[in-house]
Amino acid sequence: MQNNSIKQNVLVINCGSSSVKFSLINPTTGNTMLNAIAERLNSPQAILKITLLNSGSVENKQFTEQFIESPNSHKKAIELLVEFLKQKHLISQIQAIGHRVVHGGEIYCQPTLITNNVVDNIDKLSQLAPLHNPANVIGIKAARLAFKSLPQFAVFDTAFHQSMPEKAYLYGIPYKLYQENGIRRYGFHGTSHYYVANTTAELINKPLNECNFISAHLGNGCSVTAIKNGKSVDTSMGFTPLEGVMMGTRSGDIDPGIIFYLVEQLNYTIEQVNKLLNKKSGLLGLSGISNDCRTLEYAMLEKGDKQAELALNIFCYRIAKAIASFSASLQSIDGLIFTGGIGENSSYVRSNILAHLTLLNFSIDQEKNLQIKGGKSGSISKSNSCSCWVIPTNEEWVIAKQSHQLLIEQNITAINQIQ
Ligand code: ADP
């Protein structure tokens with residue numbers, strides 16, 4: 001008989017097109033025992049970096065790192081991690097695997113136990129997320145081979161936004177394109193928006209289902225979400241993660257007419273347009289320097305670089321406009337929440353965004369704003385203004401928690417029978 005008492009952790013797997021991230025997390029406490037990242041997969045520079053953390057507070061964690069060369073595929077990276085987990089006697093502590101899956105379409109609005117049928121559905125949804133779902137499927141298949149006796153769950157980035165009403169998710173294009181081809185707004189970063197809303201609800205001591213928030217996830221990808229009574233009612237990303245606010249390398253909203261102009265008048269191929277809007281635009285395209293907010297802030301503040309300043313200003317203005325637009329979705333607001341690498345760390349970006357939102361009664365406390373970075377959370381608003389929070393996101397913990405919850409609810413023990 002297995003000793004279930006020590007099987008208390010969930011291994012979270014996040015497969016990208018050329019990387020896999022792993023976290024071994026206690027779903028109840030959120031304590032992370034291990035983080036690993038395999039990068040530049042399928043290239044000679046591929047590397048797997050494993051960081052083993054001791055228990056203790058996040059700031060004081062001691063860690064040991066190990067580098068493993070050449071995990072030349074997702075499958076190999078997972079196999080190498082399994083080998084490492086065996087060596088460290090950690091395998092026996094894993095109760096389940098939780099996979100981050102980008103697109104669940106309209107099929108999945110909840111975390112789901114992975115069966116053969118679910119893998120097929122995620123694979124079919126690749127046509128809606130050609131850059132992401134195929135990598136997720138590769139990761140799931142490899143993990144099912146490597147961890148044959150463990151239940152595995154899929155947690156979808158789109159799921160949180162399945163509560164949006166039709167008026168928010170439909171585009172003003174012929175309805176049959178939605179009916180026959182599924183062209184609608186799906187939204188992304190759902191796990192992150194859910195996590196920060198839930199955490200802020202706890203901080204203000206109010207049940208999540210009575211809370212109205214606007215959350216801004218600002219990382220390399222950026223999205224803003226309106227949350228009413230704890231549920232997503234609108235979000236800036238759409239059919240793909242290209243829509244919405246400007247991002248690191250993505251343009252966000254542009255006049256679709258620009259695409260015709262690029263193709264018909266400037267002889268761009270569709271592939272070139274795709275690359276231009278997804279990889280060469282946003283902060284990178286406007287600054288001509290970098291997609292990295294830190295680099296741009298440095299260039300602007302230390303070198304007086306005007307292009308960097310312009311790029312950051314446009315970035316902030318567009319985010320402020322997206323936030324203001326959600327006053328159409330909410331009658332009241334309990335708080336605006338910043339998260340993601342930029343939202344959590346850049347006092348400049350937060351201050352610039354809020355300076356555009358005085359009409360909505362946002363007013364920043366500059367002192368508090370300057371203090372919050374590097375994983376800290378807290379309020380950055382003046383006491384007489386609309387409240388504004390910085391909350392470090394933790395998508396891995398949500399995936400671990402939701403996988404654990406399903407495991408308990410569905411009383412899953414005999415996993416070998418799950419097809
Ligand atoms: P991803 O979307 O890839 O998960 P992150 O959430 O890690 O990305 O966010 C990456 C962004 O966060 C980069 O633009 C980076 O410059 C920015 N960032 C990280 N730390 C800081 C900081 N201290 N100040 C300003 N920007 C920061």
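Both ligands and their constituent atoms are indexed starting at 1 by order of listing.
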Look at [atom] and say which protein heavy atom is nearest, naming residue and atom and giving the distance to 0.1 Å.
atom                    : value
atom 22 (C) of ligand 1 : Asn345 CB, 3.3 Å
atom 16 (O) of ligand 1 : Asp292 OD1, 2.4 Å
atom 17 (C) of ligand 1 : Ile342 CG1, 3.6 Å
atom 7 (O) of ligand 1  : Gly341 CA, 4.2 Å
atom 8 (O) of ligand 1  : Asn220 N, 3.3 Å
atom 14 (O) of ligand 1 : Cys293 N, 3.1 Å

Flag for Asn212-Ser332: side-chain donor and acceptor within less than 3.5 Å: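 There is such a pair between these side chains.
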Proximal ligand 1 atoms for Gly221, defined as those under 4.0 Å from one of its heavy atoms: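 So the atoms of ligand 1 that pass are 2 (O).
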Sub-4.0 Å atoms of ligand 1 with respect to non-hydrogen atoms of Ser346: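 Those qualifying, in numeric order: 25 (C).
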Donor-acceptor pair, side chain of Thr112 and main chain of Ala154, under 3.5 angstrom: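 Looks like no, no N/O pair under 3.5 Å.
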Asn136 side chain to Cys15 backbone, donor-acceptor under 3.5 Å: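 Between the backbone of Cys15 and the side chain of Asn136 there is a qualifying donor-acceptor contact (under 3.5 Å).
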Geometric class of the His189/His217 ring pair [parallel <30°, tilted 30-60°, perpendicular >60°]: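 Rings of His217 and His189: parallel, as their planes differ by under 30°.
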Location of contacts on Glu297 toward ligand 1, heavy atoms closer than 4.0 Å: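 It is the side chain that touches ligand 1; the backbone stays farther off.
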Contact with ligand 1 for Gly248, non-hydrogen, under 4.0 angstrom: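 No.
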Sub-4.0 Å heavy-atom contact, Arg294 with ligand 1: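 In this structure, Arg294 qualifies as a contact of ligand 1 - some heavy atom is under 4.0 Å.
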Protein contact for atom 3 (O) of ligand 1 (heavy atom, distance under 4.0 Å):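 It does; a protein heavy atom is within 4.0 Å.
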Centroid-centroid under 6.0 Å between Phe188 and His161 rings: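 No: the rings miss the under 6.0 Å criterion.
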Neighbour count above 12 (heavy atom, 6.0 Å) for Tyr194 OH: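 Not more than 12 within 6.0 Å, no.
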Quiz item: cation-pi between Arg184 and Tyr186, 6.0 Å / 45°: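 Checked: cation-pi criterion met.
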Side chain to side chain contact (heavy atoms under 4.5 Å, CB included) assessment of Cys386 paired with Phe362: CA-CA 5 Å; Cys386 191; Phe362 284 106; 3.6 Å; yes
